There are 2 protein chains.
Amino acid sequence: MSCSSDPEMRKDPVVDRWVLIAPERAKRPGDLPVALFPELPNGCPFCEGREDQTPSEVFAIRPGSANANGPGWRVRVVPNMYPAVSAPSPAASGEDGDRRPAQGGGVGEVEFVSLPAVGIHEVIVECPQHESSLTVMPVEHIATILATWRDRMLQIRENREAVYVQVFKNHGPAAGASLEHAHSQLIGLPRIPSVIQAELDAVERHKGQFGGCLFCDLIEREQSAGERLIRSTDRFTAFTAFAGRFPYETWIFPRQHNGRFEETSRAQIQGLAELLRWFLGRLDQCADRPSYNLLLHTAPFIGATADYFHWHFEFLPRLTGVAGFEWGTGCFVNPIVPEKAAEILRQVK
Amino acid sequence: MSCSSDPEMRKDPVVDRWVLIAPERAKRPGDLPVALFPELPNGCPFCEGREDQTPSEVFAIRPGSANANGPGWRVRVVPNMYPAVSAPSPAASGEDGDRRPAQGGGVGEVEFVSLPAVGIHEVIVECPQHESSLTVMPVEHIATILATWRDRMLQIRENREAVYVQVFKNHGPAAGASLEHAHSQLIGLPRIPSVIQAELDAVERHKGQFGGCLFCDLIEREQSAGERLIRSTDRFTAFTAFAGRFPYETWIFPRQHNGRFEETSRAQIQGLAELLRWFLGRLDQCADRPSYNLLLHTAPFIGATADYFHWHFEFLPRLTGVAGFEWGTGCFVNPIVPEKAAEILRQVK
C-alpha cells in the first residue's frame with residue numbers, strides 16, 4: 001500500500017466510494033481541465049498513417065486486406081498509453097471474479113481495503129480522418145463504432161479479463177478529452193462499480209416488490225407522461241432524466257428488456273446509431289456543440305444480474321461545473337428544468 | 001414538477017442521488033468551466049466601496065461604527081445573486097424538519113420524488129481588498145472568516161431555516177469559482193445531503209459494532225501509521241485521504257471528538273486557521289497554486305447524530321478532471337499515491 005507504482009483500487013474507510021490510484025496517469029499530458037486541446041508537435045497520433053504513434057492495435061475494422069498497425073482501417077482499438085489499470089498477467093487469470101484478496105482490512109477497527117487494479121484500458125479510435133464529432137459521420141459508421149464496443153466487450157468477457165467493462169466517450173475539453181480526434185474508451189475492471197451496484201440493488205428491490213424490471217417501468221412511465229420524452233422509435237427511447245445532474249442530461253434505453261449491451265443485435269445497433277446521431281445533432285443546436293460524457297450502463301459479466309438489469313446510455317452534457325457544493329453534498333445543481341430541456345430538444349430544427 | 005421557475009430538489013428514480021433544479025442559476029455568468037476569470041466591466045463587486053453591487057448584507061464584521069452596506073468591514077456575508085435555493089417564507093417555517101411533503105411518489109411503481117428547494121444561499125466575502133488567496137492573509141484574519149462561518153451556522157440553526165448547512169469554498173476557475181476575489185459560500189438545505197447521510201450511517205454502524213467514533217479511530221490509526229500524516233498539532237491533524245479522489249486530497253480533523261462545527265471554540269478556530277494557512281502554503285508549492293474545493297462536513301441540526309459524528313474539512317485540489325469513467329463508475333482516478341503526496345507535502349519548504 002505504500003509508494004509502489006502498480007495501480008491499485010482503494011475503498012474509502014468511511015463510505016462505499018472507490019478510487020483508482022494510477023501513477024501511470026501522472027505522465028499523461030493535459031490532465032488539467034483546459035479550454036483548448038493541446039498542440040501536437042508530431043501531429044495527431046490517432047490519424048491514419050500515424051499508427052506507429054500508438055501501442056499495437058488489439059482490434060480493428062479493416063474492410064480490405066490491409067496489415068495490422070498500418071493504414072486501411074475504419075475503427076481501430078489500441079491500449080491506452082496512460083492506463084488507469086494494469087494488464088492482467090496470463091497466470092493470474094482465474095476463477096476469483098469479484099473476490100480478489102484485499103490488502104489491509106480491520107486495522108484499528110477501521111477498514112483500509114485495497115486491491116490490485118488489474119484490467120483493460122483501451123482507446124477506440126472512431127475514424128481514420130481527423131474528425132472531432134460523431135455528428136459528421138454517416139449512421140452506418142456510428143453503427144460500426146457501437147459494434148466495436150460490443151465486440152471488444154464480448155472478447156473481454158470470453159477471456160475473463162474483467163467482471164465489468166465501462167465504455168465511455170469524453171467529447172470536448174470540458175468533458176475531459178485530451179485529444180480532439182474522435183475516440184471513446186473502455187476500462188475492464190476487477191469489481192462491479194459502485195454506481196452500477198447501486199442500480200443493481202435498486203432493480204433487485206423493485207423486482208422483489210413489484211415483479212417487473214424497474215427500468216421497463218420507468219420507460220413506460222416516461223412514454224406515457226411524455227413531458228421528458230425527446231424521441232421514441234420502434235426499438236429505442238430517449239428522455240431527459242427526471243433528476244438530471246447536468247442541463248439536457250438524457251438517458252437512452254432499448255424499449256425491449258435487455259440486460260447486456262454486448263448481446264445487442266446488429267439491427268438494434270443500427271437503430272441506436274440512428275437515434276444517437278439524431279440526438280447529437282439536436283443537442284449541438286440547443287447547446288452550441290457542448291462537451292459531453294456518454295456512459296454505457298450494462299449488466300456485469302458475473303452473477304445472474306442480467307435477468308433484471310436493462311442496459312442504457314447516460315448522456316451528460318458538461319455545461320455546468322462541478323464544485324464545492326456538489327462534492328460536499330452529492331447533490332448536483334442543474335439550472336435547466338428537465339421538462340423544459342426536453343421541450344427545447346423536441347422543438348429545435 | 002413542470003416548467004415552474006421555483007427551485008426544486010429531486011431524487012433520482014433509480015438510485016439515492018439528489019439534484020437541485022435551480023433555474024435562477026442559468027442567469028449566472030461564467031458557469032462553464034473556464035481557464036480564466038471573466039472580465040468585470042464595473043469592477044469587482046466584492047471589493048470594499050462597491051457594496052451596492054451585491055444584495056444587502058445579512059452579516060458583517062465591522063470593527064468600528066461603520067454603517068451596514070458601506071465600507072469599513074473585514075468579512076461580509078450577502079445573499080448569493082444566483083441562488084440555488086429559494087428563501088424560506090416566514091409563514092412556512094415550522095416543525096417539519098426533514099419531512100417536508102414530497103410531490104409525486106409511486107407513479108407507475110417508480111418513485112418520482114421532488115420537494116421545494118427552500119433554504120439559504122449566501123456568499124462570504126472574505127476580505128475587503130481584491131485578494132484571491134487565503135495564503136496572503138494573516139492567520140488572525142483567516143480565523144475571522146472561520147468564525148463567520150460558525151456564527152452564520154449558529155444563526156441559521158437558531159432560526160430553523162435549514163436542517164443542514166453546507167459550507168464550501170471554491171478557489172480558482174478549475175474549482176468552479178466564477179469570481180477571483182476570495183470568497184466562500186454556504187447553502188442551508190431542507191434535508192440531510194446524501195454524502196453526509198452515508199457518513200452518518202457509517203459512524204452509526206461503527207458505534208454499534210465497536211462502541212467508539214469511527215473518525216476518532218481513523219485519526220488514531222493515521223497518527224500511529226504516519227505514512228499519510230502531513231501535520232499534527234495540539235488540536236488538529238491533517239492527513240492525505242487513504243482513497244483520495246484527487247491528487248493531494250487532504251482531510252483535516254479536530255483531534256478531540258466534536259460533532260458540530262458551529263460549536264467550535266475561539267481557541268479551536270485559531271488553531272484551525274493556523275493549520276489551514278500552513279497547509280495552503282505547502283500545497284501552493286507542491287502543486288503550483290492549484291484550484292481547490294474546501295468542504296465542511298458536520299453534524300446535521302436535526303437528530304441525535306452530533307453524539308457520534310466528528311466534524312472535519314475535506315480539501316480537494318482540482319488537479320485532475322472528472323470525466324466519463326468517473327461518472328460511469330463512481331470510481332475516481334488519482335495519479336498520485338496518497339502516501340507519496342503526504343511525503344511531498346511534509347518535505348517541501
Side-chain angles (χ1 to χ4, degrees), chain A residues 2-3 10-15 18-23 25-26 31 33-35 84 107-110 112 166 168-170 174-176 187 193-195 198-199 202 210 217-218 220-221 242-243 245 293 295 316 320-325 327-337 339-340, chain B residues 2-3 10-15 18-23 25-26 31 33-35 84 107-110 112 166 168-170 174-176 187 193-195 198-199 202 210 217-218 220-221 242-243 245 293 295 316 320-325 327-337 339-340:
Chain A
S2 60
C3 302
R10 293 187 181 187
K11 182 184 167 297
D12 183 81
V14 180
V15 294
W18 288 74
V19 67
L20 270 169
I21 310 289
R25 298 289 285 178
D31 208 10
V34 285
V107 183
E109 301 182 346
V110 182
F112 287 78
Q166 178 63 54
F168 60 101
K169 179 172 168 66
N170 301 334
I187 302 191
S194 53
V195 165
E199 289 187 0
F210 303 107
D217 289 345
L218 175 66
E220 196 182 312
R221 169 69 177 76
F242 171 75
R245 290 153 283 183
N293 301 116
L295 321 168
L316 311 185
T320 43
V322 179
F325 177 71
W327 296 125
T329 61
C331 176
F332 291 76
V333 181
N334 181 350
I336 302 189
V337 179
E339 294 74 31
K340 182 73 189 166
Chain B
S2 58
C3 302
R10 293 187 180 187
K11 183 185 167 297
D12 182 82
V14 180
V15 294
W18 287 74
V19 66
L20 270 169
I21 310 289
R25 297 288 285 177
D31 207 11
V34 285
V107 183
E109 301 181 345
V110 182
F112 287 77
Q166 179 63 55
F168 59 102
K169 179 172 168 65
N170 301 334
I187 302 192
S194 53
V195 165
E199 289 188 1
F210 302 108
D217 288 345
L218 175 66
E220 197 182 311
R221 169 68 178 77
F242 172 75
R245 289 152 284 183
N293 301 116
L295 322 167
L316 311 185
T320 44
V322 179
F325 177 71
W327 296 124
T329 62
C331 177
F332 290 76
V333 181
N334 180 351
I336 302 189
V337 179
E339 294 75 30
K340 182 73 188 167

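Just so we're clear, the structure is a prediction, and the values are computed from it rather than from any experiment. Numbers restart at 1 for each chain; the letters A, B, ... are given by sequence-line order, proteins then strands.
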Where do [X] and [Y] come nearest, in terms of heavy atoms and distance?
{"X": "B:Ala84", "Y": "A:Val333", "answer": "CB-CG1, 4.2 Å"}
{"X": "B:Ala175", "Y": "A:Ala323", "answer": "O-CB, 3.3 Å"}
{"X": "A:Leu218", "Y": "B:Val110", "answer": "N-CG2, 3.7 Å"}

With sequence neighbours left out, the residues meeting side-chain hydrogen bond (donor to acceptor under 3.5 Å, both in side chains) with A:Glu199 are A:His297
Measure the shortest side-chain to side-chain distance between A:Val322 and B:Trp327 over non-hydrogen atoms and say whether it is less than 4.5 angstrom.
-> yes
With sequence neighbours excluded, residues passing side chain to side chain contact (heavy atoms under 4.5 Å, CB included) with B:Ala198 | A:Val15
Parallel, tilted or perpendicular: which describes the rings of A:Phe325 and B:Phe168, with under 30° parallel and over 60° perpendicular?
-> tilted
Max heavy-atom pairs within cutoff under 4.5 Å with chain A, candidates B:Ser194, B:Ala202, B:Pro193, B:Ala243, goes to B:Ala243
